[in-house]
Amino acid sequence: MRKTIASVVVVFMCLFMFAGCKPKTIEAAIKPADLQKMVDEMKENSLFKSYYSDADIKVSGNTITYEYWYKNEMDDDQIEAVKEQLEKSNLEKQIDGLKDNFEKSCGIRAEKISFIYYTTSGKLIAEISK
């Protein structure tokens, strides 16, 4: 999962460097086609393919939401176990790093970054935001 997040960060940074980063919001800085390219590249990651069936990145103003759908359906006990694992992970520290990277690369600091995880059928597992 860390490699997936890292690859998305690299793509974001590259897009901002080439775009000149003059807009006032991250949403204004990213073209819809570029955002789709980031999602497509994320889905090509072998680690992603091991765990997830789908993903999306949504940008609204200076808020970024990464959504992931697990590949396998889960019962309630499995959902709770995955939720506990995600909540114990270092995602909040990674969010701080992502915010720093956005600010360094283009002078725009993300106000909020969220990672939302779902079962394959769309049942919410966990949301980690900062």
Side-chain angles (χ1 to χ4, degrees):
M1 182 169 60
R2 288 183 187 177
K3 289 181 182 178
T4 303
I5 295 167
S7 65
V8 171
V9 171
V10 170
V11 173
F12 264 125
M13 289 176 65
C14 290
L15 288 172
F16 286 132
M17 285 187 273
F18 293 118
C21 268
K22 302 217 180 191
K24 295 186 185 222
T25 66
I26 294 168
E27 181 179 18
I30 300 175
K31 296 176 186 174
D34 292 334
L35 188 59
Q36 185 59 51
K37 183 178 178 183
M38 288 186 282
V39 172
D40 293 343
E41 288 177 3
M42 183 171 59
K43 289 179 182 181
E44 289 302 314
N45 180 292
S46 60
L47 184 62
F48 174 88
K49 290 179 178 181
S50 297
Y51 294 100
Y52 306 107
S53 63
D54 201 6
D56 197 12
I57 304 170
K58 296 179 181 174
V59 181
S60 177
N62 287 325
T63 299
I64 304 160
T65 303
Y66 299 86
E67 295 180 301
Y68 299 92
W69 286 264
Y70 275 90
K71 188 180 269 188
N72 300 320
E73 193 55 57
M74 300 177 204
D75 63 29
D76 289 341
D77 291 336
Q78 292 169 317
I79 289 171
E80 191 58 36
V82 170
K83 180 179 180 178
E84 286 178 23
Q85 182 181 7
L86 288 167
E87 289 173 346
K88 290 179 184 177
S89 70
N90 288 329
L91 284 175
E92 288 189 4
K93 287 182 182 178
Q94 290 180 18
I95 289 172
D96 288 335
L98 285 171
K99 287 181 177 183
D100 291 344
N101 287 336
F102 284 118
E103 190 167 24
K104 285 177 189 175
S105 65
C106 66
I108 301 173
R109 185 158 185 90
E111 293 170 8
K112 179 180 177 183
I113 296 178
S114 300
F115 292 95
I116 305 175
Y117 298 88
Y118 302 96
T119 64
T120 193
S121 64
K123 185 174 182 178
L124 178 66
I125 297 172
E127 179 176 348
I128 294 136
S129 300
K130 189 169 182 188

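Heads up: numbering here begins at 1 and tracks the sequence.
Remark: T119 OG1 to W69 CH2 distance equals 10.5 Å, nearest 0.5 Å. In this structure, NZ in K58 is found 7.5 Å from CD1 in I116, a value given to the nearest 0.5 Å. Distance check, rounded to the nearest 0.5 Å: NZ of K88 to CD1 of I128 gives 12.5 Å. Taken to the nearest 0.5 Å, the CD atom of Q94 stands 11.0 Å off from the CD atom of E92. If you take CG on N101 and NZ on K104, they are separated by 6.5 Å, rounding to the nearest 0.5 Å. Atoms CG and CG, on D40 and L35 in that order, are 9.5 Å from each other to the nearest 0.5 Å.
Pairs engaging residues 121-130 under the salt bridge (charged side-chain N to carboxylate O under 4.0 Å, His left out) rule: D76-K123, D96-K130 [sequence neighbours left out].
Aromatic pair Y70/Y52: ring centres closer than 6.0 Å.
Hydrophobic cluster membership differs between Y118 and Y68, with clusters built from Ile, Leu, Val, Met, Phe, Trp and Tyr side chains linked at under 4.5 angstrom. Using a 4.5 Å cut-off between side-chain heavy atoms of Ile, Leu, Val, Met, Phe, Trp and Tyr, with links allowed through other members, L86 and I113 fall into the same hydrophobic cluster. A continuous path of Ile, Leu, Val, Met, Phe, Trp and Tyr side chains, each step under 4.5 Å between heavy atoms, connects M42 with Y51, placing both in one hydrophobic cluster.
Residues R109 and N62 fail the side-chain proximity criterion, which asks for heavy atoms closer than 4.5 Å. The side-chain heavy atoms of M74 and I125, taken from C-beta on, include a pair separated by under 4.5 Å. In this structure the side chain of L91 never reaches within 4.5 angstrom of the side chain of Y66, judged on heavy atoms.
Considering all non-hydrogen atoms of both residues, P23 and A28 come closest at CB-CB, 3.6 Å. Looking at every heavy atom in both residues, I64 comes nearest to A110 through CD1-CB, 4.1 Å.
Applying the side-chain contact (heavy atoms from CB on, under 4.5 Å) test to E87 and every residue at least two apart in sequence or in another chain returns K83. Contacts of A81 classified as side-chain contact (heavy atoms from CB on, under 4.5 Å), with partners at least two apart in sequence or in another chain: none.
Although no hydrogens or angles enter the test, the distance criterion places no donor-acceptor pair under 3.5 Å between the side chain of E103 and the main chain of D100. Here the side chain of K43 pairs no donor or acceptor atom with the backbone of F48 at under 3.5 angstrom. The closest donor-acceptor contact from the side chain of K71 to the backbone of T120 lies at 3.5 Å or more, if one exists at all. Proximity of a side-chain donor or acceptor of S60 to a complementary backbone N or O of T63 within less than 3.5 Å is not detected.
Taking a 6.0 Å sphere around CD of E84, one finds it holds more than 12 heavy atoms contributed by other residues, nucleotides or ligands.
Looking at E111 and K99, no side-chain N of the basic residue comes within less than 4.0 Å of a carboxylate O on the acidic one, giving no salt bridge.
Exactly one residue among V39, T65, I30 makes a side-chain contact (heavy atoms from CB on, under 4.5 Å) with I57. That residue is V39.
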